[in-house]
Amino acid sequence: MKKSKEVLVSAVVVAAGKGTRMHMDKNKQYIEIGEVPVLARTLLTLQKCGRVSEIIVVVNSQDIVYCKQEIIDGYGLYKVKKIVAGGETRQNSVYNGLLDVSQNCEIVLIHDGARPFVREESIEESITAALEHGASCVAVPSKDTIKSADENGFVSGTLDRKALWMTQTPQTFRYQLIMDAHKKAIDDGFDGTDDAVLVERLGFPIKLVMGSYDNIKITTQEDLILGEAIADSREYYG
Ligand code: CTP
Ligand code: MG
């Protein structure tokens, strides 16, 4: 077996959404938190991780030039090998990124551009787990009790909290496995909200990796307030 250092790990960072829940004129990827744009923060952390060899960034086609100048060149993101155009859904965007990784890529780490506070340990641990098990997903145990509801807005059940995890990214896979999973989803017309679900559909086990509660996805306006607080706390406590 190869040592993990010899394995080529590619990161695909998806940032090609519309950010509709943010209700801002500016795409949420380019909003500054603690004076650094969300996407630049995300990419700087991935770049710092020695095991990540290359990064493919997926953005809206009309943002490619802006992203190259302001984010990639502006923040010295030398590990970014390509900027590619995204698709209609997150799954389409991930697939476009997967098509552009280096030919000898063995492990691919998929991460949301909108999760700028990912910790280096989570990146490391998700790669280690994917090398060992083939597929891994960073997640945190649910703190809240989760209920299901019917179409009239009444509770239809209470799920067992002990068994519930809130998934985040990175989600990391052997390259061939995630490609097979995407191809099957395309054949079946299945659209998933994360990558792990596509691998679950193949019946393949996915190792959960403990994440951190501050690896938030910048989705709505409140997340900008939280984000400023997290950025501040990192300056003091790392
Ligand atoms: N994403 C993408 N391509 C899409 C949709 C989403 O690359 N067609 C990316 C987003 O840019 C984001 C990540 O997937 O980094 C998670 O998606 P989400 O938080 O839902 O972002 P948006 O789709 O942009 O936001 P919204 O759903 O509010 O429109
Ligand atoms: Mg979305």
Side-chain angles (χ1 to χ4, degrees), residues 2-15 29 33-34 36-59 71-72 75-83 90 93-94 97-98 100-102 104-141 165-175 177-178 181 194-196 198-199 206-219 223 227 230-231 233-235 237-238:
K2 281 187 188 175
K3 286 198 204 117
S4 73
K5 280 218 165 57
E6 295 164 8
V7 173
L8 194 135
V9 178
S10 304
V12 170
V13 174
V14 282
Q29 305 289 337
I33 297 182
V36 180
V38 168
L39 182 58
R41 275 185 182 275
T42 305
L43 295 172
L44 282 164
T45 303
L46 280 165
Q47 176 160 285
K48 249 197 266 165
C49 180
R51 289 165 84 185
V52 173
S53 308
E54 61 172 15
I55 306 173
I56 311 297
V57 184
V58 188
V59 300
I71 307 292
I72 311 307
Y75 286 85
L77 292 159
Y78 60 88
K79 279 195 188 172
V80 173
K81 289 287 143 60
K82 273 186 191 159
I83 308 174
R90 182 186 181 282
S93 294
V94 170
L98 290 174
D100 267 300
V101 302
S102 287
N104 50 343
C105 160
E106 285 174 67
I107 296 283
V108 64
L109 174 146
I110 300 166
H111 187 63
D112 292 326
R115 286 189 195 272
F117 301 111
V118 60
R119 290 176 181 271
E120 273 180 79
E121 305 91 87
S122 299
I123 297 170
E124 292 275 347
E125 284 166 28
S126 90
I127 294 170
T128 302
L131 278 165
E132 192 174 344
H133 303 284
S136 76
C137 172
V138 170
V140 286
W165 289 70
M166 300 186 296
T167 58
Q168 307 177 336
T169 64
Q171 298 188 358
T172 307
F173 309 92
R174 279 193 209 118
Y175 181 69
L177 175 65
I178 190 68
D194 75 348
D195 304 285
L198 309 187
V199 173
I206 295 154
K207 181 71 179 153
L208 286 172
V209 170
M210 179 68 81
S212 59
Y213 287 99
D214 60 4
N215 181 22
I216 60 167
K217 182 160 65 64
I218 303 297
T219 308
D223 296 325
I230 297 167
S233 74
R234 293 281 175 93
E235 273 188 34
Y237 307 112

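Just so it is clear, the values below take in all heavy atoms, side chains as well, and ignore hydrogens, waters and symmetry mates.
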- Message: Treating Q47 as the side-chain partner and I55 as the backbone partner, does any N or O pair qualify as donor plus acceptor under 3.5 Å?
- Response: no

- Item | Heavy-atom side-chain contact between V13 and V80 under 4.5 Å | no

- Item | Atom pair CG/CG of D195 and L98 - distance to nearest 0.5 Å | 7.5 Å

- Item | pair I178-V199: side-chain heavy atoms closer than 4.5 Å | yes

- Item | Closest approach of T167 to A139 (non-hydrogen atoms, all atoms of both residues) | CA-CB, 3.9 Å

- Message: I'd like to know if D194 pairs up with R90 as an ion pair, taking the criterion as any Lys NZ or Arg NE/NH1/NH2 lying under 4.0 Å from an Asp or Glu carboxylate oxygen.
- Response: no

- Message: One pair to check against side chain to side chain contact (heavy atoms under 4.5 Å, CB included): L43 and Y75. What are the steps and the verdict?
- Response: CA-CA 9 Å; L43 295 172; Y75 286 85; over 6 Å; no

- Query: Would I127 and V52 satisfy side chain to side chain contact (heavy atoms under 4.5 Å, CB included), going step by step from the backbone distance to the final call?
  - Reply: CA-CA 9 Å; I127 294 170; V52 173; 4.2 Å; yes

- Which value, rounded to the nearest 0.5 Å, describes the distance between L208 atom CG and Q171 atom CD? 9.5 Å

- Item | Contact summary for T42 and G113, nearest pair of heavy atoms | OG1-O, 2.7 Å

- Item | Reported OG1-to-CZ distance for the pair T45 and F117, which is rounded to 0.5 angstrom | 9.0 Å

- Listed partners of A129 passing side chain to side chain contact (heavy atoms under 4.5 Å, CB included), at least two apart: H133, S136, K207, V209

- Task: Flag the pair N215 / R119 as yes when at least one side-chain heavy-atom distance between them is below 4.5 Å, and no otherwise.
- Result: no

- Message: Measuring only between side-chain heavy atoms, which start at C-beta, is T172 closer than 4.5 Å to V108?
- Response: no

- C137 and I206 have their tightest heavy-atom pair at CB-CG2, 3.7 Å

- Message: Quick one, I110 and F173 - any side-chain contact, counting heavy atoms below 4.5 Å?
- Response: yes

- Supply the atom-to-atom distance D112 CG to I216 CD1, rounded to the nearest 0.5 angstrom. 12.0 Å

- Message: Checking D100 now: which residues fulfil side chain to side chain contact (heavy atoms under 4.5 Å, CB included) with it, not counting sequence neighbours?
- Response: I56, K82, V84

- side chain to side chain contact (heavy atoms under 4.5 Å, CB included) evaluation trace for Q168 with V118: CA-CA 9 Å; Q168 307 177 336; V118 60; over 6 Å; no

- Item | Side-chain donor or acceptor of R41 paired with backbone N/O of I33 under 3.5 Å | yes

- Query: Taking all non-hydrogen atoms of both residues, which atom of P116 and which atom of V38 are closest, and how far apart?
  - Reply: CB-O, 3.6 Å

- Is there a donor-acceptor contact under 3.5 Å from the side chain of E54 to the main chain of S102? yes

- Query: Which atom names give the shortest non-hydrogen contact between V138 and S126, and what distance separates them?
  - Reply: CG2-CB, 3.8 Å

- Message: Taking salt bridge (charged side-chain N to carboxylate O under 4.0 Å, His left out) as the definition, give me every residue that meets it alongside K48, ordered by chain and number, with sequence neighbours left out.
- Response: E120

- Note on the structure: For Q29 and V14, the nearest pair of non-hydrogen atoms, with its separation, is NE2-O, 4.4 Å

- Are the side chains of Y213 and M166 in touch, meaning some heavy atoms are under 4.5 Å apart? yes

- Taking side chain as C-beta onward, heavy atoms only, is D214 less than 4.5 Å from R234? yes

- With rounding to the nearest 0.5 Å, note down the distance linking CG in D223 to NZ in K217. 8.0 Å

- Query: Can you tell me how far the CD1 atom of I123 sits from the CG atom of L109, to the nearest 0.5 Å?
  - Reply: 6.5 Å

- Between M210 and P141, is any pair of side-chain heavy atoms under 4.5 Å apart? yes

